Amino acid sequence: MQFRTPIPVFCLLLAAGSVSAQPAPAPITSVAMFRVQPDRLERFVENVQIVTSALDRLMQAGTIDAYGLDTDVVHGDGPNVALWYETRNFAGLAEGDKAVQGAIRANADKAREVWTISDFEKHRDVIVRSLESGGGKVPAGALPVTFFQMEKVKPGKMPVARMMFRHHDKPVEDQLVRDGVIYSYQMDVEAIHTMEPGAVWFLILAPGLESMDKIRSAFAAAQEKMSEADRRALEAMEEEVFDRKAHRDSVSRALIFRSR
């Protein structure tokens with residue numbers, strides 16, 4: 001049987017060709033990941049304050065837009081704590097790195113203890129940039145939960161993956177932001193490539209784990225509104241664009257969160 005692609009999806013494929021020509025947008029996020037034993041987590045958070053104080057000054061100066069320290073809710077074998085900061089360009093990233101390294105040199109004893117109470121073999125760094133993002137301000141004092149969906153995009157398919165997100169996910173998530181269900185969302189890829197090509201992260205920042213009930217309901221409702229032909233076409237595109245064996249989900253909880 002010949003598969004017939006519905007017109008909206010066909011238009012989506014045509015539009016995808018224009019995405020790769022657009023400049024990469026901000027934000028850029030630096031993420032340092034650590035493996036910390038649960039009984040040492042409190043001490044780790046205390047020692048990380050030497051860095052967060054420096055990041056506070058950069059945020060007040062407008063150099064960075066946000067930073068945080070997150071810990072996994074669902075535990076795996078790798079890193080379980082992430083210290084991150086977000087800026088608008090590589091110049092801001094450079095200022096952030098300079099401030100962090102200066103804070104480490106000025107507080108050598110506490111910096112050494114960070115490495116003592118974490119497993120350096122499990123440590124890794126990534127720098128990501130957002131292809132798509134949206135949302136509003138996180139209320140002061142809030143400690144958000146972040147839902148991560150990691151996918152591997154097949155070679156040459158990233159523009160289509162981006163347009164699929166714009167066409168199907170973004171409208172739902174924009175409405176969830178307006179309804180106060182979530183704070184923000186992002187579609188991120190590596191800015192400095194250290195992993196196998198094709199890694200993409202879909203992030204949703206929300207008030208708590210219970211937000212997932214409304215998120216799932218919103219996406220289910222959007223699917224119900226699609227015609228059967230469009231649903232089949234979307235499923236076929238997902239199989240064509242993503243390597244399903246590489247799919248992973250994770251959830252983190254903020255221990256520290258600051259934003260402008």
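Since this is a predicted model, take the numbers as computed values, not measurements.
For the pair V172 and A222, the tightest heavy-atom approach, listed with the atom from each and the gap, is CG2-CB, 3.7 Å. The two residues A218 and L176 have their closest heavy-atom pair at CB-CD2, 3.8 Å. In this structure, R124 and P79 approach most closely via the heavy-atom pair CG-CG, 4.2 Å. Across all their heavy atoms, A54 and A99 have their closest contact at CB-O, 3.9 Å. Between M237 and V160, the shortest heavy-atom contact is CE-CG1, 3.8 Å.
Note on M226 and I215: same hydrophobic cluster, where clusters join Ile, Leu, Val, Met, Phe, Trp and Tyr whose side-chain heavy atoms are under 4.5 Å apart, directly or indirectly. Hydrophobic clustering, with ILVMFWY side chains joined whenever heavy atoms are under 4.5 angstrom apart, groups L83 together with I28. In terms of hydrophobic clustering, with Ile, Leu, Val, Met, Phe, Trp and Tyr side chains grouped at heavy-atom distances under 4.5 Å, V31 and V73 are assigned to different clusters. At a threshold of 4.5 Å between side-chain heavy atoms, the hydrophobic network of Ile, Leu, Val, Met, Phe, Trp and Tyr places L143 and V36 in two separate groups. Put simply, M164 and Y185 are part of the same group of oily side chains (I, L, V, M, F, W, Y) that touch within less than 4.5 Å, one to the next.
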Decide side chain to side chain contact (heavy atoms under 4.5 Å, CB included) for V128 and V189; before the verdict, give the C-alpha distance in whole Å, the side-chain angles of both, and the deciding distance to 0.1 Å. CA-CA 5 Å; V128 298; V189 296; over 6 Å; no
Chi angles and distances behind the side chain to side chain contact (heavy atoms under 4.5 Å, CB included) call for R178, D174: CA-CA 6 Å; R178 289 191 290 268; D174 281 337; 3.8 Å; yes
Using the salt bridge (charged side-chain N to carboxylate O under 4.0 Å, His left out) rule, take R35 and E121 through it: C-alpha gap first, then chi angles, then the decisive distance, then the call. CA-CA 9 Å; R35 180 75 182 185; E121 291 185 359; over 6 Å; no
Worked verdict on T146 versus I204 for side chain to side chain contact (heavy atoms under 4.5 Å, CB included): CA-CA 6 Å; T146 304; I204 294 179; over 6 Å; no
From CA spacing to verdict: side chain to side chain contact (heavy atoms under 4.5 Å, CB included), V153, V241: CA-CA 6 Å; V153 176; V241 170; 4.0 Å; yes
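Partner of Y67 under the side-chain hydrogen bond (donor to acceptor under 3.5 Å, both in side chains) criterion, chosen from T87, D56, T29, T52: D56.
We find the CD-OG distance between Q149 and S250 to be 10.0 Å, quoted to the nearest 0.5 Å. Interatomic distance, CG of L55 versus CD of E86, reported as 12.5 Å (0.5 Å rounding). For the atom pair R129 CZ and D188 CG, the distance stands at 9.5 Å (nearest 0.5 Å). The CG atom of L234 lies 8.5 Å from the CG atom of D230; values are rounded to the nearest 0.5 Å. Here the straight-line distance linking atom CE of M187 with atom OG of S133 works out to 11.5 Å at 0.5 Å rounding. One distance of note links CZ of F147 with OG of S211; it measures 5.5 Å at 0.5 Å rounding.
Residues N107 and R105 form no side-chain contact, since every pair of their non-hydrogen atoms from C-beta on lies 4.5 Å or further apart. When side chains are defined from C-beta on, F120 does not count as touching V114, because their heavy atoms never get closer than 4.5 Å. Within the 4.5 Å cutoff, the side chain of L131 has no heavy atoms near those of the V200 side chain. Residues F257 and L205 have side chains in contact (heavy-atom distance under 4.5 Å, counting atoms from C-beta outward). Put simply, the side chain of F242 does not reach to within 4.5 Å of the side chain of K157, judged on heavy atoms.
Checked by atom type and distance alone, the side chain of R248 never pairs as donor or acceptor with a backbone atom of M150 at under 3.5 Å. The main-chain N or O of L93 is never found under 3.5 Å from a side-chain atom of D97 such that the two would form a donor-acceptor pair. No side-chain donor-acceptor contact under 3.5 Å links Q223 to the backbone of F219. Side-chain N or O atoms of N89 include one that pairs as donor or acceptor with a backbone N or O of A91 at under 3.5 Å. Looking only at distances, a side-chain donor or acceptor of H123 sits under 3.5 Å from a matching main-chain atom of M33. At least one donor-acceptor pair under 3.5 Å links the side chain of S53 to the backbone N or O of Q49. K154 places a side-chain N or O within 3.5 Å of a backbone atom of E239 that can act as its donor or acceptor partner.
By the 6.0 Å contact criterion, CZ on R244 is enclosed, its count of non-hydrogen atoms from other residues, nucleotides or ligands being greater than 12. Environment of CD in E42: sparse, with no more than 12 heavy atoms of neighbouring residues, nucleotides or ligands closer than 6.0 Å. Within a 6.0 Å sphere centred on CD of E210, other residues, nucleotides and ligands contribute more than 12 heavy atoms. The local environment of NZ in K122 is crowded, with over 12 non-hydrogen atoms from other residues, nucleotides or ligands closer than 6.0 Å.
Using a cutoff of 4.0 Å between basic side-chain nitrogens and carboxylate oxygens, R43 and E113 are scored as salt-bridged. Salt bridge K110/E46: absent, no basic N to carboxylate O contact under 4.0 Å. For K152 and E196, the salt-bridge test passes: some basic side-chain N is under 4.0 Å from an acidic carboxylate O. In summary, E235 and R231 do not engage in a salt bridge, as defined by a charged side-chain N under 4.0 Å from a carboxylate O. A salt bridge links E132 with R162; the closest basic N to acidic carboxylate O contact falls under 4.0 Å. Using a 4.0 Å cut-off between a side-chain N of Lys or Arg and a carboxylate O of Asp or Glu, R260 and D65 qualify as a salt bridge.
Scored by the ring-ring contact (aromatic ring centres under 6.0 Å, His included) test, F202 finds F165 as partners (sequence neighbours excluded). For A142, the side chain to side chain contact (heavy atoms under 4.5 Å, CB included) test picks out V138, P139, Y183, with sequence neighbours left out.
Ring-centre distance between W201 and F148: not below the 6.0 Å cut-off.
For the 3.5 Å distance criterion, the side chains of Q186 and S130 qualify, holding a donor opposite an acceptor. Under 3.5 Å, the side chains of Q175 and E173 contain no donor-acceptor pair of N or O atoms. In this model, a donor atom of one side chain and an acceptor atom of the other lie less than 3.5 Å apart for E190 and T194. No side-chain donor from either of Q60 and R57 sits under 3.5 Å from a side-chain acceptor of the other. Side chains of D169 and H167: a donor-acceptor N/O pair is absent below 3.5 angstrom, by distance only.
For the side-chain hydrogen bond (donor to acceptor under 3.5 Å, both in side chains) condition, the pairs that include at least one residue of residues 70-83, sequence neighbours left out, are D70-W84.
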